[in-house]
Amino acid sequence: MRGGGRLFPLLLLALLPGLCHGREPAPGAVTCGSVLKLLNTRHSVRLHSHEVKYGSGSGQQSVTGVEASDDANSYWRIRGKSDSSCQRGTPVKCGQAIRLTHVNTGKNLHTHHFPSPLSNNQEVSAFGDDGEGDDLDFWIVQCSGTYWEREDAVRFKHVGTEVFLSITGEQYGHPIRGQREVHGMSAANHHNYWKAMEGVFIKPSLDPAKHDEL
C-alpha cells in the first residue's frame with residue numbers, strides 16, 4: 001500500500017501525549033473551576049447554604065441539606081488550597097485537598113470544634129468572604145481511582161479535624177423547616193457519601209490552558 005510506511009510513525013505520534021503524561025483523565029472527571037451540586041446518596045438531599053446564621057455554636061452561616069434539585073443556593077465551586085494548585089480545567093485527583101465555595105454567598109465549606117445544633121456532632125458552616133477563609137476550609141476528596149469521576153460516590157474528609165462531611169437525617173424547624181442538618185462525623189460510613197449532580201462542568205484537560213465548558 002502506498003504511504004503504508006508512514007502509518008506506524010503517525011500512530012506513534014498520536015500515542016505520545018498519553019505515554020508522556022500517564023493515564024489521561026476520563027471525560028467524566030470533575031475538574032477545578034466546575035460549579036456543581038452535591039447529593040448525599042444515603043438521604044437524597046443536596047448540600048446547601050443560605051444567608052441564615054446558626055443561632056448557637058459559631059453563629060456562622062448555616063449549611064444544610066435540601067431535597068429540591070432546582071434550588072440555586074445549592075451550587076458550589078471546586079477550588080484548590082490555592083488558585084495555582086487547582087487551575088481551571090484540571091481534573092481533581094483522589095486524595096487532593098480542595099475548597100468548596102458557595103456560589104451565591106462566596107463563603108467556603110468549613111468545620112471546626114463546635115457542636116452541631118441537632119445531633120451534637122461537629123458543626124459545618126460556610127465561612128469567609130469572597131472565597132477567602134482560613135485553613136479550616138480544606139477537604140480531601142476520597143475516591144477509589146486516579147481522578148474524581150462524576151459517577152462516583154465520594155467522601156470529603158476535613159484536613160484540620162479529620163471528620164467526614166455527613167448527614168444523618170435530623171431536620172430543622174423554623175426558619176428553615178424541613179432542611180437537614182449537615183455535620184462532621186469521625187467515622188467513615190454510609191452517611192458520608194456524596195455524588196456530583198447538576199452543574200457546569202469544565203471539560204477535563206491535563207493542560208489547563210486547553211479546556212471547554214460542557
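Just so it is clear, the values below take in all heavy atoms, side chains as well, and ignore hydrogens, waters and symmetry mates. Keep in mind that what you see is a predicted model, and the values were worked out from it rather than measured. Residue numbers count from 1 along this sequence.
The CZ atom of Phe114 sits 13.5 Å away from the CG atom of Asn120 when rounded to the nearest 0.5 Å. Distance check, rounded to the nearest 0.5 Å: OG1 of Thr111 to NE2 of His183 gives 10.0 Å. For the atom pair CZ of Arg46 and CG of Asn73, the computed distance is 14.0 Å after rounding to the nearest 0.5 Å. Going from atom CG of Leu47 over to atom CE of Met197 covers 13.5 Å, rounded to the nearest 0.5 Å. The NZ atom of Lys93 sits 10.5 Å away from the SG atom of Cys32 when rounded to the nearest 0.5 Å.
By the criterion of side-chain heavy atoms lying less than 4.5 angstrom apart, applied directly or through intervening Ile, Leu, Val, Met, Phe, Trp or Tyr residues, Val66 is not grouped with Leu36; the two fall into different hydrophobic clusters. Cluster membership check: Val52 shares its hydrophobic cluster with Leu118, using side-chain heavy-atom separations under 4.5 Å among Ile, Leu, Val, Met, Phe, Trp and Tyr. Both Leu38 and Val154 are part of a single hydrophobic cluster, where members link through side-chain heavy atoms under 4.5 Å apart. Linking ILVMFWY side-chain heavy atoms closer than 4.5 Å, directly or via other members, places Phe156 and Val30 in a single hydrophobic cluster.
Contact check for His102 versus His50: no side-chain heavy atoms found under the 4.5 Å cut-off. Contact of the His158 side chain with the Leu136 side chain is registered, since non-hydrogen atoms from C-beta on lie closer than 4.5 Å. Two residues are said to be in side-chain contact when any heavy atoms from C-beta on lie closer than 4.5 Å; His48 and Ser74 meet this criterion. With contacts defined as side-chain heavy-atom distances shorter than 4.5 Å, the pair Tyr75/Lys37 qualifies. When side chains are defined from C-beta on, Val163 does not count as touching Met185, because their heavy atoms never get closer than 4.5 Å. For the pair Arg99/Glu132, a side-chain contact is recorded, criterion being any heavy-atom separation below 4.5 Å from C-beta on.
Aromatic rings of His43 and His191 (six-membered ring for Trp) have centroids within the 6.0 Å cut-off, being under it.
Each of His113, Glu123, Lys53 was compared with Ser58 under the side-chain hydrogen bond (donor to acceptor under 3.5 Å, both in side chains) criterion, and only Glu123 meets it.
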Exercise answer: donor-acceptor pairs, residues 137-145 side-chain atoms, under 3.5 Å, sequence neighbours excluded:
from, atom 1, to, atom 2, distance (Å)
Asp137, OD1, His110, ND1, 2.7
Asp137, OD2, Asn108, ND2, 3.1
Asp137, OD2, Asp134, N, 2.9
Trp139, NE1, Leu109, O, 3.0

Sequence neighbours excluded and cut-off under 3.5 Å, please list the side-chain donor-acceptor pairs for residues 170-179, or say none.
from, atom 1, to, atom 2, distance (Å)
Glu170, OE1, Thr168, OG1, 2.6
Glu170, OE2, Thr168, OG1, 3.1
Gln179, OE1, Thr64, OG1, 2.6

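Remark: the backbone N or O of Ser62 is paired with a side-chain donor or acceptor of Ser49 at under 3.5 angstrom. The main-chain N or O of Gln61 is never found under 3.5 Å from a side-chain atom of Ser125 such that the two would form a donor-acceptor pair. Formation of a donor-acceptor pair under 3.5 Å by the Trp148 side chain with backbone atoms of Ala196 is not found in this model.
The minimum heavy-atom distance linking Val124 with Val63 is given by the pair O-CB, 3.8 Å. Ser44 and Leu39 make their closest contact through C-CD1, 3.6 Å (heavy atoms, listed as atom of the first residue, atom of the second, distance). Nearest heavy-atom pair across Thr31 and Ile78 is O-CB, 3.9 Å. Phe164 and Ser186 make their closest contact through CE1-O, 3.7 Å (heavy atoms, listed as atom of the first residue, atom of the second, distance). Pairing each heavy atom of Ala126 with each of Gln60, the nearest pair is O-CB, 4.2 Å.
Looking at residues two or more places apart in sequence or on another chain, you find a side-chain hydrogen bond (donor to acceptor under 3.5 Å, both in side chains) between Ser85 and Ser82.
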Applying side-chain contact (heavy atoms from CB on, under 4.5 Å) to Arg155 and Tyr193, what does each step give before you reach the verdict?
CA-CA 5 Å; Arg155 290 188 174 103; Tyr193 275 118; 3.2 Å; yes
Yes or no on side-chain contact (heavy atoms from CB on, under 4.5 Å) for Ile167 and Trp194, after CA distance, side-chain angles and deciding distance?
CA-CA 10 Å; Ile167 291 179; Trp194 301 84; 3.6 Å; yes
Test Gln96 against Lys81 for side-chain contact (heavy atoms from CB on, under 4.5 Å), laying out the working first.
CA-CA 9 Å; Gln96 182 174 339; Lys81 292 183 70 173; over 6 Å; no
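The neighbour count for Glu151 CD, taken as heavy atoms of other residues, nucleotides or ligands under 6.0 Å away, is above 12.
Checked for salt-bridge contact, Lys107 and Asp129 meet the test: a charged N lies under 4.0 Å from a carboxylate O.
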